[in-house]
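A short write-up of the structure that comes next.
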Amino acid sequence: MSCTINYTKKLKVQDVKNKYCPYILHNICNWFYLDKPAIEYHDLQEVKIISYNELQAATKTVSDCLKYIQYPEFIGINFDILEYCVPSLMLGILDNGNAFLNVPSDIQICRNIFDSLHIRYIFAKCVTSDREVVRQLNVHGQSVYLTKLIDVPESTVSGRKWHRFAYAIATSGSTGSPKIVKILHSCVLPNITDLRRILDMTEHDKIAQLTNFTFDPCIVEIFLSLSCAATLFMVSKQLKNDTDRLLEKIFCARVTVLQITPSLLFHKWSTERLKATILNKDSHLRVLLLGGEPFPNIKLLSEASHSQNKTRLFNIYGITEVSCWSSINEIFRNKGTDESCIGEPLSETMFQVRNEDNEIVTKGKGFLYIGSSSRICIVGDETEDDLCKPVFRDTGDIISIDDHGRMLYRGRRNNVVKRFGNKINLRELERVVMELSFIRNCAALWDTESHKLYLCLSAVNMKELIDLKNYIISHLRILPAIYKPDKIIVLEKFYFTTSGKICLSSLRKACKESEMEVTSINDVYTDVCEIFGNLWSQHVKSKDVGFLTSGGTSITALQVSNATIGIFKVEFPELIGMLLKNLTFNECVNYIKTTLTNQDWNRTLNHCIAVSHDDKAQNNNCDTEKCIMEEPVSNNFSVLTDQNNSYQCKCRGRTDGNASTQKQIIKLSSVNISTIEVAATYNLQKCVDASPTVYCYSASELFATVGSHAGIIYTVNLVGKNSRPYELKLPDRIEASVLVLADFRGIVGCYDGYIYCIHLKIGEVIWKFQTQDMVKCTAITCAQKSKIFVGSYDHYVYCLSVENGAQIWKIEASQGGICATGCLHPQSTSVLFGTLDGACLALRQFSGRVKWRRKLQDPIFVAPVVLQNGYALFCSVAGTLCCFDIETDCRIWRYEIRGNVFSYPVINTRVSAGNSEHVILASHNKHLYCLEMPGEKGENPRLRYALQLHSSIFATPWCEDKHVFVACTDGTFQVLDLSEGKSLVTKRLPGEIFSSPVIHNDLAILGCRDNNLYVLKLG
């Protein structure tokens, strides 16, 4: 029998009823087991059993009392109705051809829904003054009144095309403003049939119905149970609030299917209680569906489960605008399943991932849209005639598609905020905090007005507050420092919405209440030392030494600087620079007082320490905890020599030299590297963060030169036995690598603001040139080897004569300092530089004139590279690679890596067969990426592989044939086989590593923060 309904102007309810149509929600109910329990209702005192026979009789009673309603309309079910009566009311309303609405308790929401749906009739337990009683019914022993709202015009519902709707519901607002959604029978039915099949549902199952009736998963719970003649486990509001007894009831009643939000699961019950009950080895719980929020960490679920527990775990995902669930993915505890994967779309459902330009993407990150040609709900004031099929709804969620086509949840669009000029995902902060076993719930909130990051959490066992916070801060070090919260707020408990989700409004209120009271500016001025002292002590250890010496970083410097601005409401433009130059507490306080004295600041201030104005942070050195220690070393090195001489020079992933020297290199692709031994160490008295330069003037010699924080430069003979290193000392710290020239001449920048040309053997300073700030940038030579190009933190690029250091030209590149080395662009005879305010520049080599300029959103800490086709590749610290054709001023492509980048890109043409060009890039996110460069204009690079390491990476990797050599920040030096993507051997050094290794034959040379230069032997 066809279920198509031809609507006419005089359509009556009885005309649209079709009890035999399978595409009507209530017609999927299984009535073949009338004596079987349909509902098992528990309250604090007793258990009530309602059979399918009783349910069917109550359904008819409700349906009969609605026969006189002329046209299909929405009938309300009030929130005061007892839980076990609701399914009968739903079925009776549907059986009569109408649609139902579970009325929320919020009066304002009710008014909006009633007006939108033109509600006239409501089933209720109590009668109010704005309603009149139409009929009294007995439903499962309870008196239920059919009431009619007073003063609702009859004409508002006459003739409406609402006969195809099953129910209406208001969204929670998680995908925007709360909206009223009208759900057709054809929209929700695929959910029921799919889940019945996927979960292997039978009449022997018992399904928990704990979801609030105003949250659409309750519809799935109820009709999934009824469709397979299972038993619906329902509880009273009082029992639902008694969490311990509720868990015991679920366990003892042998519930087999439970659907719940992750927040509620772990807030209601500890991992110990779950492990002893519903996730025990003897539990009858077959299926645990977790949805409505991001899936929890699998480690937490493993801790809450007995090792022999057989409960199937599912990550279920969807939105109300497409009638509840849209995809499902089974999670396996011990099989490496990615819990962030949302799975495959359910029946009659389509997924699209679109970028910011609304273009469909098949790989990478974008925003998820859910669509269908049949599962089409009517949202707000829409009509069916307004919609063109298929209809896609914006979920507001960020999704990344991996190499296998899997869709991975990455948080909500409004959870990605900009802090200090960098995008951070609040979901990532929450995910890492939830890795801690004692954290019950957490939520990260971003205050747009004050630019402050809050972390709210509740703990299983409340420890001492200070210890708890310190432990969390210590754990958060696995994330970039940009994720460090400004304030951690510990709450005894979280409040939840009626949908079982964390109530964000209550958390915002708690954050607001945590702020300090307002004080007057006079009080603030008299306490400058105390206030700034508190700020200082929150971020570094001691006031007696410089900021950096005391443990400060570029991120903490930015936090202190902006917090000071937030308190005093006065700009302190030099403060961050003073902190990054390692000035002391007293020097900074004196500067603040002097600045305040010269300002008109007689106004009331907030005494709260807050970070603010992220737009002011965009031009500052502001990215990871160790970025100020990272040396900007050149990709381009050469030895100035006669044409008849052989030479070779290596540094920071790059080799320069001629064939007569390079023919001696051992081909590591034929070597099985299985051991790493320390061949020699050289103590440079302080951290060796600079990358060494390895070079030779003939095939029989080999040298390495490197500087340290002590200002010492060592030149080591790597092949001479028992030879002493050549040593010289400069006045201040050295983080740049040495540009090696002919005859042991070297050029290096220093923290004292000078660029030095030195003789690497005898220690003589040949010439020096003064800039106006520290020099961390490594110099490069021009093509003719007659001049060098070098940047300074004073914002200028300098062109100097190699012979005597005379200035040929200088130009202010931007408003940001320059720490990354430049790169020659042979095709245009220009030199490329990136700056800390994100500027990308091409300067004429002969005049310094700006040939081309672009601006990235984030600072640039790494050198640009030039591809074979002449395109220039710049990479920001946020992990965004941009490829430009500087001749036509055109951006060719853009590629994002999910992690900060301080490692220079390395070009490698030997990753695979053929002459394809690859860029190797290491990231702070512990991954090593290999990108295959496109061969034609307009194409995007292809991710060939991404290898995950155990620690963050700042140093530039070295590629040699099919091997890659990586130094991680935790001191681990690792050799990887690129062809198989596996680790061959590792060596742990005593300190952290920010120095980039250089490989020559069977030697690896690199610096370490234990003050030593290491020469390692590869066996």
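In what follows, every heavy atom counts, from backbone to side chain, and hydrogens, waters and symmetry copies are set aside.
Side chain of Q56 to main chain of N53: no donor-acceptor pair is present (N/O by atom type, distance under 3.5 Å, no hydrogens or angles). Side chain of D80 to backbone of C126: a donor-acceptor contact under 3.5 angstrom is found. At least one donor-acceptor pair under 3.5 Å links the side chain of W269 to the backbone N or O of T243. Proximity of a side-chain donor or acceptor of T277 to a complementary backbone N or O of F251 within less than 3.5 Å is not detected.
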Check your understanding: Could you go step by step and tell me if L288 and I278 meet the side-chain contact (heavy atoms from CB on, under 4.5 Å) rule?
Key -> CA-CA 10 Å; L288 177 59; I278 60 174; 5.7 Å; no

Practice item. Report the C-alpha separation of N280 and D282 in whole Å, then their side-chain angles, then the decisive distance to 0.1 Å, and conclude whether the side-chain hydrogen bond (donor to acceptor under 3.5 Å, both in side chains) test is met. Key: CA-CA 5 Å; N280 195 0; D282 299 321; 4.6 Å; no

Practice item. Could you walk me through whether H950 and T972 pass side-chain contact (heavy atoms from CB on, under 4.5 Å), step by step? Key: CA-CA 9 Å; H950 68 284; T972 302; 3.3 Å; yes

Check your understanding: L137 and V62: side-chain contact (heavy atoms from CB on, under 4.5 Å), yes or no, with the steps?
Key -> CA-CA 8 Å; L137 295 82; V62 175; 4.2 Å; yes

Point to revise | side-chain contact (heavy atoms from CB on, under 4.5 Å) assessment of V144 paired with L82 | key: CA-CA 9 Å; V144 175; L82 280 176; over 6 Å; no

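Counting only residues at least two apart or on different chains, the salt bridge (Lys or Arg N to Asp or Glu O under 4.0 Å) pairs with a member in residues 238-262 are E248-R273. Residue pairs meeting the ring-ring contact (aromatic ring centres under 6.0 Å, His included) criterion with at least one partner in residues 277-312, sequence neighbours excluded, are absent. For the salt bridge (Lys or Arg N to Asp or Glu O under 4.0 Å) condition, no pair includes a residue of residues 24-37, sequence neighbours left out. Applying the side chain to side chain donor-acceptor pair (under 3.5 Å) rule to pairs touching residues 209-227 yields R196-S227, Q209-E221, T211-E221, N212-T214, D216-T320, E221-Q259, sequence neighbours excluded.
Applying the salt bridge (Lys or Arg N to Asp or Glu O under 4.0 Å) rule to D403 yields the partners K363; only residues at least two apart in sequence or on another chain are considered. Looking at residues two or more places apart in sequence or on another chain, you find a side-chain contact (heavy atoms from CB on, under 4.5 Å) between D200 and R286, R312. Remark: H475 pairs with V432, E435, L436, I478 by the side-chain contact (heavy atoms from CB on, under 4.5 Å) rule, at least two apart or across chains. With sequence neighbours excluded, the residues that form a side-chain contact (heavy atoms from CB on, under 4.5 Å) with S506 are Y495, C503. Applying the side chain to side chain donor-acceptor pair (under 3.5 Å) rule to N309 yields the partners T311, R333; only residues at least two apart in sequence or on another chain are considered. In this view, S283 satisfies the side chain to side chain donor-acceptor pair (under 3.5 Å) rule with no residue, not counting sequence neighbours. The side-chain contact (heavy atoms from CB on, under 4.5 Å) search around A946 returns H927, Y929, L943, not counting sequence neighbours.
Here the OG atom belonging to S88 is positioned 11.5 Å from the CD atom belonging to Q142, to the nearest 0.5 angstrom. For the atom pair CD1 (I24) and CG (L189), the distance works out to 7.5 Å, reported to the nearest 0.5 Å. Remark: L224 CG to I219 CD1 distance equals 12.5 Å, nearest 0.5 Å. Between the CD1 atom of I39 and the OG1 atom of T231 there is a distance of 9.5 Å, given to the nearest 0.5 Å. Atom CG of N425 sits about 5.5 Å away from atom OH of Y483, to the nearest 0.5 Å. Once rounded to the nearest 0.5 Å, the distance linking CD1 of I192 with SG of C228 reads 10.0 Å.
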Under 3.5 Å, sequence neighbours excluded: what are the donor-acceptor pairs made by side chains of residues 42-49?
unit_1: H42; atom_1: NE2; unit_2: E40; atom_2: OE2; d: 2.7
unit_1: D43; atom_1: OD1; unit_2: Q45; atom_2: N; d: 2.8
unit_1: D43; atom_1: OD1; unit_2: E46; atom_2: N; d: 2.6

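No more than 12 heavy-atom neighbours from other residues, nucleotides or ligands sit within 6.0 angstrom of NZ on K310. In E344, the CD atom is not crowded: 12 or fewer heavy atoms of neighbouring residues, nucleotides or ligands sit closer than 6.0 Å.
Between E303 and K275 no salt bridge is recorded (no basic side-chain N to carboxylate O distance below 4.0 Å).
Summarising the geometry of I50 relative to L55, their closest heavy-atom pair is CG2-N, 4.1 Å, with the distance given to 0.1 Å. Closest heavy-atom contact between I342 and N329: C-CB, 3.8 Å. The two residues S347 and P190 make their nearest non-hydrogen contact at O-CB, 4.0 Å.
Between Y317 and F351, the two ring planes are perpendicular [angle over 60°; tilted spans 30° to 60°].
At a cut-off of 3.5 Å, with distance as the only test, no side-chain donor of N315 or Y409 sits close to an acceptor on the other residue.
A side chain to side chain contact (heavy atoms under 4.5 Å, CB included) with R375 is found for one member of N191, V188, I370, I183 and no other, namely N191.
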